[in-house]
J.: 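There's a structure below that I have some questions on.
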Amino acid sequence: MNGSNYSSIISNGFWTNNPGLVQLLGLCPLLAVSGTLVNGLGLGLATTFVVLFSNLAVSAMRKFVPAEIRIPVFVLIIASLVTTVELVMNAYFHELYRVLGIFIPLIVTNCMIIGRAEAFASKQSLPRAAADGLAMGLGFTAVLIVLGGLREIIGRGTLLDGAQMMFGPEAASWRIELLGADYPGFLLAVLPPGAFFGLGLLIALKNDIDRRFAARVAVAVATKQVPAA
Amino acid sequence: MTENLANLGIILISAVLVNNFVLVKFLGLCPFMGVSRRLETATGMALATTFVLTLSSIASYLVHEYLLEPFGLGYLRTIAFILVIAVVVQFTEMIVRKTSPLLYRVLGIFLPLITTNCAVLGVALLNTQQQNSLVESAVFGFGAAAGFSLVMILFGAMRERLAAADVPVAFRGAPIAFITAGFMALAFMGFIGLIK
Amino acid sequence: MAEMRSRPGGPPLHRFPGGLELPDNKAMATTTAIRTAPLPRELVVPLAQHIGDAAKSIAKIGQRVLRGEVIAQPEDAISVPVHSPTSGIVTAIEDRLIPHPSGLTARCVVIEPDGKDDAVEPQPLRDWKNAAPVEIRDHIRAAGIVGLGGAAFPTWVKLDARAPIERLILNGAECEPYISCDDMLMRERANDIVSGALIMLHALQAERCQLAIEDNKPEAEAALRDALATVDDERLELITVPSVYPEGGERQLIQVLTGQEVPHDGLPLDIGVICHNVATAAAVHRAAIHGETLISRVVTVTGRGVTQPANVEARIGTSFHDLIEFCGGYAEDVARLIMGGPMMGFAVSSDDIPLIKATNCILAGSATEAVPARVTLPCIRCGECAQVCPATLLPQTLYAFTRARDFEKVQAYDVFDCIECGCCDLVCPSQIPLVSHFRFAKTEIRGKEMERSKADLARQRFEFRQSRLQREADAQEGKRRRKQETLEKLKSSDSKKNEIQAALERARKKKEKQ
Amino acid sequence: MKFETSPAPHLKPPNTVGAVMRQVLYALVPATLAYVWFFGWGIVIQIIIATAFALAAETAMLLARDKPVRPFITDCSAIVTAVLLAWALPPTAPWWLAAIGVVFAIVFAKHLYGGLGYNLFNPAMAGYVVLLISFPQEMTQWLAPEMLVDGEHRMSFWQTLVTIFTGDFSSSVNVDAVTSATPLDYLRTQLANNRTILEIRQHPLFGDFGGKGWEWIANFLVLGGMWMMYKRVVRWQIPAGVLLGLGGMAFLFYALDPGSHASPGFHIFSGAAIFCAFFIATDPVSAATTEKGRFLYALGIGIFIYVIRTWGGYPGGVAFAVLLMNMAAPLIDHYTKPRTYGHARP
Amino acid sequence: MLSAVLVIALLALAFGLLLGFAAVKFRVEGDPVVERIDALLPQTQCGQCGFPGCRPYAEAIANNEADINQCPPGGEDGMRALAELLDRDPKPIGAEFGEEKTKMLAIIDEETCIGCTLCIQACPVDAILGAAKQMHTVIESECTGCELCIAPCPVDCIAMVPPRTTVESWKWPEPETFHSLNEREAHG
Amino acid sequence: MTAIRNALLGGALLATFAIAGVAMVAFTWKNTAPQITENQRHVLTSRLHEIIPPEAHDNDLLDDAITVQDSERLDTTAPVTVYRAYKNGAPVAALFTSVAPDGYSGPIYLLVGIHADGRIAGVRVLSHKETPGLGDPIEIERSDWITGFDGKALGKPALEQWDVKRYGGVFDQFTGATITPRAVVRAVKNTLIYFEQHRDEIFARQ
Ligand SMILES: Cc1cc2nc3c(=O)[nH]c(=O)nc-3n(C[C@H](O)[C@H](O)[C@H](O)COP(=O)(O)O)c2cc1C
Ligand SMILES: Cc1cc2nc3c(=O)[nH]c(=O)nc-3n(C[C@H](O)[C@H](O)[C@H](O)COP(=O)(O)O)c2cc1C
Ligand SMILES: Cc1cc2nc3c(=O)[nH]c(=O)nc-3n(C[C@H](O)[C@H](O)[C@H](O)COP(=O)(O)O)c2cc1C
Ligand SMILES: Cc1cc2nc3c(=O)[nH]c(=O)nc-3n(C[C@H](O)[C@H](O)[C@H](O)CO)c2cc1C
Ligand code: SF4
Ligand code: SF4
Ligand code: SF4
Ligand code: SF4
Ligand code: FES
């Protein structure tokens, strides 16, 4: 996990150590704003922005912050970044800002961010820290998008509903009626229980893929060893 | 201060059951998932959170009301609140450690985790959003914490029972915990409408 | 405590929680009187027949031993000697298969009977009425008597009343289906039992004795009543109790008779009660009055898998095979051989194992009778098991935690209070072998505790070694420094240069050697 | 001679899970007949649909999980789940409703936890709640008791079948009379309109105690429950607890203000209260498992039924109450461990 | 802007003072967690975990520098106990640390032993008796089965044997059913 | 001594970061604040403009608001805000933030727009807690039921026909839900009645 090379940093963020599926951090926004794909994307990008810059800042000053006040300093940095993001979104993506509501300021308490600062950025060089922040943030965003997309499709039969909130009015037409206009909607998916079920299923899916992969690797290794022995 | 008792009761019931912080509002999920594998730890976390949540709800109200608002600094509330919470957590830890080593043994390891429990910051932010008064803030904070504790403890007991279950391999651990939380949220939907 | 229906005129009885009414199946073996088995060609006497360390063999291979001669002496405080069941030659002292659920072997003395059955001089306890209790105890110990009710616990230990005993209970409940050895013994040797009871009363200095018998044994009851009438001692009392399994369990019987519970971490004597099996009382009688040692016992050989079920008096060490042959051999469809009853007994894998003091029943079960074709499903938490548990445990919870390997919880739910009666197991609709799980959990916990203490020992030894090494290194370091210092001093004086050289040489050599 | 060995006890266990489950099914027969009498053939069709999907889902999951199929199909627990869920559906609900509900119940609520015996939540009720919140429209269209519709408009078996599979009500049936609220639903909505109980009870929906028709079905359900108690499939703690909890709450509020609260008798005899007390809350798997715990668990269900019926947004209440107490069952078990023989009284 | 900076600076200053003070004043002496972790380790002292003995490994776990699945002698059960203590997710023993084996005991073939004392020096728990040039024996009850004595022996006279199961040490097996938790991957 | 020094050092460092962070935030605030206020106003006006198009009036609706109170007619003890639209000084319409207190699961908050001549200009639901899937067709996003009010007025239909069809009115009910639409209809009717009775007061400018 010491992330020696960039590809492992990236695979860490997206798969092996994905904040949403493996570390189980930042769960609240993950569940709360994954009602639609666009909401997920919006918060995901905001989070990515914060984790990227907090990693950068922490990495830059890692040399001269004493251990005792490391955490409070990180918290301060993150809080400032988040407030900045909040203000910017309020000003330029106002509708999205209203939809995401309290979960924007709550990025502060997303343990993933402080976790990355502590575990990675405070020990690594600037470019590495940036790569890690980006990978983790985008990994988180990816989960948000997948979960949001799934819930949106099952719950309402649409995709990309509300895209205009992020991409301007012309994006309103991006909305896709995937399952036909008279799909009644499976409300469970959009309601709170659906969020839990959805994430549970996603994690199970990931576990299963990992397990199958591991099994295949084991078989491959075994067959390779036979002729050698 | 003419707080209407009925109103406070409604705030309480709403925060504990109808708008349960964890299952309906999606706040405080990380500790809910992370430290609920055993009933004992779940209870410890619940107790510690209840204390901190109530206290920081009051403290951040005071900061907001008497420090930020007068200077028109409402936009700084996130920063200010997180500082307040950190101080409250640290303070609690110090007091507990000093006064009751026994309690510290039970709660000690959970206290630092609470800073990053977004329910705590969430309560502070919601207080300002709903323009709660001091007493309302306190009741809301306590109600949120009680709701958190309630589901946390129930969840802890359920997960202990799950340990013996023949859960499909891919679902062992986190996935089945999420599924269970989903069912809990389903059950809590029964409370919808309890508060008009 | 709820009261149980009791005979009119009898003392009030109490209920123990749970329990089952089982079809008793005893009649098959009670149609004939107790038969005496002939001497077999070989007797195999295990050295460990009860809890505690095995006795140490004192017989030599090739030695001729007499009936009643001590062939092994106890090493442990809670133990009794082992006697030769007949006269003959010791042909081997070796590991043989013994009746044990593990199916493992253990050390046994093998004797080839010479057919003469010569006995050592019997040493009855003359005038036991005036003997000191400790004398009686020692006599009983020397006679090798252990409890014949199942656990084979050395009887003399239980006669050592460290606290005042209010009553002695003679356990003639024999609640387990199929088993009828106590029943037959009570019918035929009621006088021996009553006599034994009086001796035990004296040894315990107890006030009274209750003989408890289940109401499905009217003949035995009548015989005992007659025997009691002949001695006419008002301290002795016969009590009929309703037939509910496992009423014969010591703690359950005590609860039925006294309404009190034996503390979980205590013994019956903590509440002033001692419980002995009726056959044990008969053995005490024979030891005290006739000077006989415990070299034979009555065993029920029964089940549909044996042709002529009967109760047999046989020598300890007779093989199961011989006993079955004596009872007409196996029936066609024999499928299981069980030592003990159908509830608590264990299936053995071979009939080439000896009768031991604890063997009260050899059950040859037919396929329909004793081979439960279980289809084990998961526990559905129906709670039936808890309803029948005489120890008021929660078998379903114990099972769940055992599955989850949460032994801490298993212990917190009192697995060690389970008497392994099998009631829960039998009623479980999911047909889970609950008792087997609990036995597993118990041995697993004990094993863990052993490992733990072993790990603690290892830690101590490791730390000790570390500190020793440290000390040695420190000492070495000190020496080196001192040497250095003297060296420095010496350096200044040229005159001793040679000496230094020599010293350095010596040091180097010493080091190389090490 | 050599022998095989097996663990004690060596007697044939007298009971099986399948037998227990079948008793539940037998106990439901009289009430099902009564249901058909009052509300037509819908329930039978629903039971058939639900059972078919339940068995299919159970088999599929067992195969997917590499478990033997036979022992788990013959234990009949999937059928019990299906029948109980079918009982909770409006009898003319479209077929896919039963299908979705029962598949969710078997797959999510049961097999993700490991199948029979391991589920934390009552599968049938989980399935029901999912349907209720996802398809409230379809789930709230109840038939009036057939007695209300005049004799010749009774829906035949064929008509019901058509309705269930196409969604169309046959032209011979007066739709307005067919779809209506259940008595509980009506009570709640009318109370909200500030009508008094007395006025509301005048409505033809109501019988002597509870809803017309419903109260008769309830009687047969009690009969079935008694049968199960006689057969020791359920013990008294749970039915008594549910009825006491619900009746006690109803009595309390009725005593305080009879004008705006229905009587305990009404609460017990309408809706699914009796059904819940004997058939739903008694699901051993998801209930508490200690004696004392079961009583508390059931008491909680009774109380929650009243609370949700009276103040909540879902007039049924039963399903939520059961799920809520399912949640609490492990904790209740934890705190109601009985004193073990020989241990000091606490 | 000035007021903003002032207000927050004020808060932060108070906060920093408090923390700096607390860090010094309330430093934790000794770490009871290490003791508790150490108590759960098998004390085989074999070093398979990658640390020189059990206690160092315990310290590493406490400091989050090592995972809980590195001790093969402790096995699945030991890992579970650690997971429970630390409230972490259980995970199988890492293959790179070796496999969980049944516990073995060392025995010295007394015919071959040349009495070189090398094994005595290797044994971390002083379980080998003997003096230079004399035959050595292993004290059965104290050997932890760590195998550290095997390598140093110049004549390969030490072998690992499983301890004998006797009637006393025999354990009841767990009954197997098709719904046993076959893959003992802990969860919950 | 070192304790105090450390504490001071820590405090100072922390303060530095705090100052830097806050400076950044304050700077952002300065540059976004006007936009944010503008956005907030825009959200409100755009809701109003759904009912009264911007070209239909020439005053600032948000500034031209009064509050009225009539617990009987308006079914709420809370003050009701009325936004007024004028063109060239003449009243065009009034927009009430009415409440339907008897929804299925609680009050339904409405925006009721009424032309100066008493015709409904449009109704929108601001917020509600009705059952998803049953009561929510009152939202414009879910169905156009709410537009059924457009153009209606008191007496058109007749007063007793201001109800859902099942109860003899002209408005549709939803399948399985009559309470929600009835509540909305009743609230709109009541608002209309109030408007008729107080028209002059409402449009009077102080
Ligand atoms: C380790 C141990 C110590 C015992 N010590 C005594 C004792 O000192 N006095 C006594 O009367 N019984 C003693 N007992 C005997 C028990 O009370 C009991 O009679 C015996 O275990 C037979 O019980 P069972 O056949 O019901 O299993 C002891 C039992 C065990 C297992
Ligand atoms: C479940 C169970 C059932 C028992 N049933 C009997 C019985 O029927 N008769 C009997 O004498 N001992 C029975 N015992 C053994 C008694 O508990 C007790 O050990 C014995 O009566 C003590 O007498 P003893 O030491 O003379 O053998 C049973 C034990 C258990 C655990
Ligand atoms: C769970 C549930 C939720 C309901 N939600 C609503 C609702 O939001 N709005 C509504 O008008 N009716 C709702 N109803 C229906 C009412 O209870 C009532 O049956 C209905 O309004 C009467 O309609 P009807 O007269 O068409 O039968 C709901 C019913 C149920 C069971
Ligand atoms: C008395 C009794 C009641 C039952 N009630 C239910 C029930 O309410 N819902 C259900 O899905 N299964 C019920 N079952 C069936 C079975 O217990 C259930 O499918 C398990 O939860 C599956 O693990 C019941 C079984 C019995 C014996
Ligand atoms: S009897 Fe069997 S199925 Fe019933 S609770 Fe006990 S162990 Fe579980
Ligand atoms: S075997 Fe143990 S748990 Fe089962 S009924 Fe008997 S005492 Fe209770
Ligand atoms: S692997 Fe285990 S037993 Fe070996 S030294 Fe490490 S902790 Fe100790
Ligand atoms: S004797 Fe060998 S295996 Fe045993 S503890 Fe010592 S070094 Fe380890
Ligand atoms: S994101 Fe809410 S607690 Fe972690």
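Reminder, nothing fancy here: chain letters follow the sequence lines and each chain counts from 1. Predicted model, so just to flag it, every value in this text is computed and none were measured.
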J.: Measure distances from D:D333 to the heavy atoms of chain C and classify the residue's part below 4.5 Å as side chain, backbone, both or neither.
T.: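 Its backbone and side chain both get close to chain C.
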J.: Answer yes when C:D425 and C:R374 have at least one side-chain N-carboxylate O distance shorter than 4.0 Å, and no when they do not.
T.: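 Yes, C:D425 and C:R374 are salt-bridged.
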J.: Which bit of C:L337 is near chain D, if near means a heavy-atom gap under 4.5 Å: side chain, backbone, both or neither?
T.: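 Contact with chain D: backbone and side chain both.
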J.: Is C:V262 in contact with chain D via its backbone, its side chain, both, or neither, using a 4.5 Å heavy-atom distance?
T.: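 For C:V262, heavy atoms of backbone and side chain both lie under 4.5 Å from chain D.
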J.: Sort C:E420 into side chain, backbone, both or neither according to what part of it lies under 4.5 angstrom from a heavy atom of chain D.
T.: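 Neither part; nothing is under 4.5 Å.
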J.: Answer with side chain, backbone, both or neither: which region of C:C389 has an atom nearer than 4.5 Å to a non-hydrogen atom of chain D?
T.: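 Neither part; nothing is under 4.5 Å.
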J.: Which answer fits C:P101, side chain, backbone, both or neither, if we ask what part of it has an atom under 4.5 Å from a heavy atom of chain D?
T.: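 The answer is neither part of C:P101.
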J.: Does any heavy atom of chain D fall under 4.5 Å from the side chain of C:A335, the backbone, both, or neither of them?
T.: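 The answer is the backbone of C:A335.
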J.: At a heavy-atom separation under 4.5 Å, does C:I380 approach chain D through its side chain, its backbone, both, or neither?
T.: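 For C:I380, heavy atoms of backbone and side chain both lie under 4.5 Å from chain D.
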J.: At a 4.5 Å cut-off on heavy atoms, which part of D:V17 comes close to chain C: side chain, backbone, both, or neither?
T.: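 Both backbone and side chain.
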J.: With a 4.5 angstrom heavy-atom cut-off, which part of C:D351 approaches chain D: side chain, backbone, both or neither?
T.: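 Both backbone and side chain of C:D351 come within 4.5 Å of chain D.
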J.: Which atoms of C:Y413 are under 4.5 Å from chain D, going by heavy atoms: the side chain, the backbone, both sets, or neither?
T.: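 Contact with chain D: backbone and side chain both.
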J.: Testing the basics here: between D:I268 and D:G247, what is the closest heavy-atom pair and its distance to 0.1 Å?
T.: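 Looks like CD1-CA, 4.1 Å.
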J.: Taking side chain as everything from C-beta outward and backbone as N, CA, C, O, which of these in C:A386 sits under 4.5 Å from a heavy atom of chain D? Side chain, backbone, both or neither.
T.: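 For C:A386, neither part sits under 4.5 Å from chain D.
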J.: Is C:R304 salt-bridged to C:E332, cutoff N-O under 4.0 Å?
T.: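 Salt bridge: no.
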J.: Below 30° counts as parallel, above 60° as perpendicular, anything between as tilted: where do the rings of C:H264 and D:H343 land?
T.: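 Judged by the thresholds at 30° and 60°, the geometry between C:H264 and D:H343 is parallel.
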J.: Chain C contacts: which residues in residues 281-303 of chain D have a non-hydrogen atom closer than 4.5 Å to it?
T.: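 Listed by number: D:P284, D:V285, D:A287, D:A288, D:T289, D:T290, D:E291, D:R294.
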J.: Could you check which of D:K12, D:E4, D:R235 has the highest count of heavy-atom pairs closer than 4.5 Å to chain C?
T.: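 Among D:K12, D:E4, D:R235, the one with the most close pairs to chain C is D:R235.
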J.: Does the distance from a Lys or Arg side-chain N to an Asp or Glu carboxylate O, for D:K110 and D:E58, drop under 4.0 Å?
T.: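 Here D:K110 pairs with D:E58 in a salt bridge, since their nearest N and O are under 4.0 Å apart.
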J.: Considering only heavy atoms, which portion of C:S430 lies under 4.5 Å from any heavy atom of chain D: side chain, backbone, both, or neither?
T.: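 Looking at C:S430, backbone and side chain both touch chain D.
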